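The structure appears below as structure tokens.
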Number of protein chains: 2
Amino acid sequence: MRDGNENDPTDLPRYISAHEVAERAGVSRSAVSRTFTHGASVSPATREKVLRAAEELGYQVNDLARGLLANRSQLVGMIASDPETPFRALQISTLSRLLIENGRVPVLITTDRSETGQASHETLLRYRAQATIVLSGMPSKAFIDLAQRNGQPLIAVGRSEEGPDHVRVNNALAAQTVVQIFAARGMARIGLVTSAVGSPNLVERERAYVDAARNAGLEVVVERAERTDYEGGTLAASLLLSPQRRIEGVFCVNDLMALGVMDYARNMLGLAIPADLSVIGFDDIPQASWGAYRLTTFQQSAERQAREILRILDRRLSDPHAPPIISELDVPLIMRDTVRSPKPGKGKGEQTFTTARTTEGTEK
Amino acid sequence: MRDGNENDPTDLPRYISAHEVAERAGVSRSAVSRTFTHGASVSPATREKVLRAAEELGYQVNDLARGLLANRSQLVGMIASDPETPFRALQISTLSRLLIENGRVPVLITTDRSETGQASHETLLRYRAQATIVLSGMPSKAFIDLAQRNGQPLIAVGRSEEGPDHVRVNNALAAQTVVQIFAARGMARIGLVTSAVGSPNLVERERAYVDAARNAGLEVVVERAERTDYEGGTLAASLLLSPQRRIEGVFCVNDLMALGVMDYARNMLGLAIPADLSVIGFDDIPQASWGAYRLTTFQQSAERQAREILRILDRRLSDPHAPPIISELDVPLIMRDTVRSPKPGKGKGEQTFTTARTTEGTEK
DNA sequence: GTGAAAGCGCTAACAC
DNA sequence: GTGTTAGCGCTTTCAC
């Protein structure tokens, strides 16, 4: 058996090539290729032989070679800062799962908030990734150009500017809803807790909130922490909630900050929520529903967002010249226990108010 | 200018090849290759010409072709279930960052807890990934064999069995430390909250805890939820903390469950922590330090873990035949506010007890 | 230091 | 339906 000997003393394991499978199966190299190529035609007999040989040898198609030929791999890049943060982690998790279910291979590129992400993006170009999804931050112009120039689709999440395809959220409507609720509760002085990050989502929420508050004749105070995280929330709370200010309701641009605000208000200032202070967040991260918080917040569905991203990706791949595809998602308000009731007998339990209409997509 | 015309009416952007760069720079194809190959020798003059041409054309080396030649890509797979969970998200985030810093490309493969992960792993083989890191779950035998057979290194986290390289944690020592602390506080009836998942880490923690408790003459009750998450914690608490049982201290196999236990104990049973009930967790997720919890817990450093993984990876790549590499990490106990004091004047603030020695690695 | 030529593993176009 | 052939973009001998 000098041919298919399994006990080769050069014991370094290595990948098997289609050539070896062909030899073992007694067919041509292309027959092997065809059995593993979707939609190619092989007779059941050959196919069977090939499959057996492949199985025995432990053959795995080389997708590097396939990609080289197609000038495109199945890789899809996800660019994100703070990937360990609850909502971002959920986005990444959900998107990865969906990509895998669709035969794609998710690559996770982490960036600093400060970075342009340029260097990271080049990796995705060099591997001929099918597309790049920017989950956070604002891709720089150079970044967008580079993708454009090489014909790699780029899909952004949570931006509003013109340019690449993106999926967004109706921040303004959410912010207006908050003001409406606070006003209906008879509040006169309300606050906004945000960060200095300045991402489009946060800026939109802030602007719409402040505008709506002014229009409603409410006094509004904006507190800005350095980062959009739990510690930022506690810090903002320490500045915003001085007794003389007598803030009655706070809208936080994300849940993480809201939870920091709540903990600070309760533990450091001895405030009762919602009796002394109402708090509303954004995202509906898992922690928002925990017993210690029961935060009223706007629900951003990572699942729907991921589905939209995939839909955009498919459309974009099938028509590279289509105009920018933009998808807007609902953010229903989840009523929990951090907003004081307007009158007795209301607002307990978990109610869902849909506050924004669906602009795109109705599947499932 | 029929040669380098930039306004090609066939407006589909595409990737540039080294051939085109060579033409524009007026050098040979290999000269281009050499400028982009680390350690190859090119004259400064040629190099300069090539770099300019590449820049102008927006050239990106095709790593698919490179990998085809090398029979190995820079991809590194991370296999994980529940990637949205706080500690797992931190592991993924940290590991991704380190991999990128080291020129690797992290691929995130999500699996169901139930899945063998076999199908996902094949993707990594087909792309000739440099290695697979299993962050959770137990890779099946078939899975391990497949990697082995194709010569792809596989590194596991949190297992104890023989077989692949792995980084582990001294679960037994941590569990024993908990019992020691509870005993020193004069407790007689203690509990363990875990899940039915049965991962090696959890099993080790449980066994060591129960054994230590029995040896110390403490009565110990084990409560097992279906999953190792927040809801599992609340459920376990509801079963474990019946008034007649009078449990005084609970060790939870991870922080997520511990937080669920705390919320249930406080909100549903009206217990004060730590006056009525002491709680100790494991992992030190960000939420553990939040004001609402201030959980005493064992700190698992994602950063050190990731560094160890990279160290193992490098060693393994440089010597494929080395015996299994095993690395054990410390889990210092972070004393916060969920364990009652043995006597007045102790246990406030945040103290760090190092409970396990370092077995491997001292860099940085 | 440079260019020519071979070949990595694969798919697709082409004959039969 | 099958085998033969060419070629994807790259690195790496090999001459010079």
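In the text below, chain A, chain B and the rest are named by the order of the sequence lines, each starting its count at 1. Bear in mind that the values here come from a model prediction, so they are computed numbers and not experimental data.
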Item to complete: For C:dT11, take OP1 and OP2 only and decide whether either is under 4.0 Å from a side-chain N or O of A:Arg66.
Response: yes

Item to complete: Indicate whether OP1 or OP2 belonging to C:dG3 is found under 4.0 Å from a side-chain N or O atom of B:Ser28.
Response: yes

Practice prompt. Figure out the CG/P separation between A:Asn62 and C:dC8, and round it to whole Å.
Written response: 12 Å

Worksheet item: In whole Å, what is the span from the CG atom of A:Asn71 to the P atom of C:dA12?
Response: 14 Å

Practice prompt. Please report, rounded to the nearest Å, how far the P atom of C:dG7 is from the CZ atom of B:Arg29.
Written response: 15 Å

Discussion item. Taking the ring centre of each residue, are B:Tyr59 and B:Tyr15 less than 6.0 Å apart?
Written reply: no

Discussion item. Check this for me: A:Arg316, atom CZ, are more than 12 non-hydrogen atoms of other residues, nucleotides or ligands nearer than 6.0 Å?
Written reply: yes

Discussion item. Is it true that, when you exclude A:Glu20 itself, more than 12 heavy atoms of the residues, nucleotides or ligands shown sit nearer than 6.0 Å to its CD?
Written reply: yes

Worksheet entry | DNA chain C: 5'-proximal contact among B:Ala31 and A:Ile16 (nearest heavy atom) | B:Ala31

Discussion item. Tell me the interatomic distance from A:Phe36, atom CZ, to C:dG9, atom P, rounded to whole angstroms.
Written reply: 16 Å

Practice prompt. Taking only the side-chain heavy atoms of B:Val27 (C-beta and beyond), determine which of D:dG9, C:dG3, C:dT2 contains the nearest atom.
Written response: C:dG3

Item to complete: Taking only the side-chain heavy atoms of B:Thr37 (C-beta and beyond), determine which of D:dT2, D:dT12, D:dG9 contains the nearest atom.
Response: D:dT12

Worksheet, complete the sentence: Rounded to whole Å, CD of B:Gln60 lies from P of D:dC10 at a distance of 11 Å

Response to the item:
Result for 5'-nearest mapping on DNA chain C, choosing between B:Ala45 and A:Ala65, is B:Ala45

Worksheet item: Would you find a donor on one side and an acceptor on the other, under 3.5 Å apart, between the side chain of A:Asn150 and the backbone of A:Gln152?
Response: no

Worksheet entry | Interatomic distance where CG belongs to A:Leu125 and C1' belongs to D:dG9 [whole Å] | 16 Å

Discussion item. What's the closest nucleotide to the side chain of B:Leu69 if the choices are D:dC8, D:dT11, C:dC10?
Written reply: D:dT11

Discussion item. Nearest whole Å is fine: how far is D:dT11 C1' from B:Asp63 CG?
Written reply: 13 Å

Discussion item. Check this one for me: any side-chain N or O of B:Thr46 less than 4.0 Å away from OP1 or OP2 of C:dT2?
Written reply: yes

Worksheet item: Can you tell which of D:dG3, C:dG7, C:dT2 lies closest to the side chain of B:Arg34?
Response: C:dT2

Item to complete: May I ask you to verify if any side-chain N or O of A:Ser30 is less than 4.0 angstrom from the OP1 or OP2 atom of D:dT2?
Response: no

Item to complete: Please report the C-alpha distance between B:Ser120 and B:Thr123 in whole Å, then the side-chain angles of each, then the deciding distance to 0.1 Å, and finally whether the side-chain hydrogen bond (donor to acceptor under 3.5 Å, both in side chains) criterion is met.
Response: CA-CA 5 Å; B:Ser120 323; B:Thr123 296; over 6 Å; no

Practice prompt. Could you tell me whether B:Tyr59 contacts a base, only the sugar-phosphate backbone, or nothing, with contacts defined as non-hydrogen atoms closer than 4.0 Å?
Written response: sugar-phosphate

Worksheet item: Whole Å only: how far is the OH atom of A:Tyr127 from the P atom of D:dC8?
Response: 21 Å

Worksheet item: Does D:dG9 have OP1 or OP2 sitting under 4.0 Å from an N or O in the side chain of B:Ser33?
Response: no

